[in-house]
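To find a chain, count down the sequence lines: A is the first, B the second, and so on, and within it residues start at 1.
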There are 2 protein chains.
Amino acid sequence: MQCHHRLTNEEAFERLSTALKRDGARLTAPRKLLLEAALKAKKPFSAEGLMQMAEALSETEKSAAPDLATVYRNLAYFNEIGLLARVDVGGETAIYEVSSKEQDHHHHYFVCRKCGKTEALEACSMSPVESVLKKKGYHGLTHRLEFSGLCPGC
Amino acid sequence: MQCHHRLTNEEAFERLSTALKRDGARLTAPRKLLLEAALKAKKPFSAEGLMQMAEALSETEKSAAPDLATVYRNLAYFNEIGLLARVDVGGETAIYEVSSKEQDHHHHYFVCRKCGKTEALEACSMSPVESVLKKKGYHGLTHRLEFSGLCPGC
DNA sequence: TTAGCTGCAAAGTATTTGCAGTGGT
DNA sequence: ACCACTGCAAATACTTTGCAGCTAA
């Protein structure tokens with residue numbers, strides 16, 4: 001199993017247009033700009049962060065930067081259709097990242113209970129739980145394994 | 001490996017008093033009330049939720065219910081000393097639960113990306129990653145495995 | 001007695017919502 | 001033309017912080 005293989009731009013836009021058609025939703029300029037910004041991101045981002053990235057892009061394109069409320073609304077939509085995945089790492093702000101190509105994509109983190117330091121881990125171990133979920137009717141699965149405790153310095 | 005074996009009340013209070021001594025901190029009435037409330041909880045709780053539970057208890061004891069700010073301060077302290085563990089399940093509010101007896105305690109959840117429905121899972125699979133972390137100097141480890149996707153109804 | 005802790009109130013940050021106007025399809 | 005979507009602004013939710021008085025050790 002492979003980790004961290006994100007969707008390509010083409011795959012992402014195709015997934016979006018399929019969902020849009022299905023939902024009777026529209027491909028607006030802010031929507032497109034936000035997805036482009038998300039795809040360029042090298043790290044998970046917050047709503048605020050995505051808006052700033054879109055802001056930077058909007059100078060290239062002729063459109064204006066999207067409003068924060070619009071960012072939140074689209075983040076929710078992208079998450080719902082599986083384009084982005086919400087990643088809850090200890091902090092107070094919700095952060096997102098582009099979903100992986102594989103259904104069984106997952107992430108490993110370590111979060112220090114004291115200083116909040118986060119470290120990404122490499123090792124992978126696929127859980128047998130996922131197959132149980134699939135049998136129950138869950139779909140579009142993603143999973144995340146997070147460790148917490150105290151880091152060497154704390 | 002066993003799951004969901006929470007600390008007993010005695011163990012919890014002993015862990016607290018040890019930490020208090022070490023930190024030069026004090027066992028105050030609100031602190032005690034909050035821990036008692038947390039220990040009685042049958043489900044993970046938010047700051048608001050813990051305050052309400054403490055409120056209920058405070059009628060039995062003769063003390064008053066703690067202020068919300070005090071709840072947040074103690075939640076942070078309890079989390080730091082490993083008495084409680086912060087559990088980030090999709091939502092916007094931080095929730096906590098009483099830590100397990102074992103160091104390698106973990107939780108399995110499924111969170112629906114659309115309706116937010118959360119389901120607790122039973123299966124366990126210990127990750128080999130934890131031993132790597134221990135070698136690196138991390139301690140007081142806990143881990144959590146969370147699945148997300150769409151539930152049968154969505 | 002001396003800090004740590006608390007309640008209260010105010011500030012700060014994150015996220016959501018109402019609404020009138022704009023723009024995809 | 002219809003209706004989803006947007007920007008703007010206000011509302012809401014959550015969490016943190018400052019401070020003066022209280023109290024455990």
So, does B:Glu61 use its side chain to make a donor-acceptor pair with the main chain of B:Ser58 at under 3.5 Å?
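Not a single qualifying donor-acceptor pair exists.
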Could you go over nucleotides 22-24 of chain D and give all protein N or O partners under 3.5 Å, atom names and distances?
{"unit_1": "D:dA24", "atom_1": "N3", "unit_2": "B:Arg26", "atom_2": "NH1", "d": "3.3"}

Taking the nucleotide of DNA chain C with the closest heavy atom to each, which residue, B:Ala25 or B:Ala69, is nearer the 5' end?
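Nearest nucleotide further toward 5': that of B:Ala25.
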For B:Glu14, I'd like to know if atom CD has over 12 heavy atoms of other residues, nucleotides or ligands within 6.0 Å.
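12 or below, so no.
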Can you figure out which of C:dC8, D:dT6, C:dT15 approaches the side chain of A:Arg73 most closely?
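Of all the options, the side chain of A:Arg73 is nearest to D:dT6.
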Under 4.0 Å from OP1 or OP2 of D:dC5: is there any side-chain N or O of A:Asn74 that close?
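No, because none of the side-chain N or O atoms of A:Asn74 sits under 4.0 Å from OP1 or OP2 of D:dC5.
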Does a side-chain N or O from A:Tyr72 land closer than 4.0 Å to OP1 or OP2 of C:dT15, or not?
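Yes, within the criterion.
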Need one value for B:Arg31: base, sugar-phosphate or nothing, where a base atom within 4.0 Å counts as base even if backbone is also close, heavy atoms only.
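It contacts sugar-phosphate atoms only.
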Base, sugar-phosphate alone, or nothing: which one does B:Ala64 contact when heavy atoms must sit under 4.0 Å apart?
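Answer is nothing: B:Ala64 stays at 4.0 Å or more from every strand.
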Between C1' of C:dA14 and CG of A:Leu50, the distance in whole Å:
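One finds 15 Å between C1' of C:dA14 and CG of A:Leu50, rounded.
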Using whole Å, report how far CE of B:Met51 lies from P of C:dG7.
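B:Met51 atom CE is separated from C:dG7 atom P by 10 Å.
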Can you name the residues that form a side chain to side chain donor-acceptor pair (under 3.5 Å) with B:Asp23, not counting sequence neighbours?
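Checked B:Asp23 against side chain to side chain donor-acceptor pair (under 3.5 Å); matches are B:Tyr77.
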In Å, rounded to the nearest 0.5 Å, how long is the span from CG of A:Asn9 to CG of A:Leu39?
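The distance works out to 4.5 Å.
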Nearest-0.5 Å distance, CG of residue B:Leu83 to CZ of residue B:Arg15:
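So the gap between those two atoms works out to 6.0 Å.
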Five pairs per end, C1' atoms only: what is the angle between the end axes of the helix from C:dT1-D:dA25 to C:dT25-D:dA1, to 10 degrees?
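If I round to tens, the end axes sit 40° apart.
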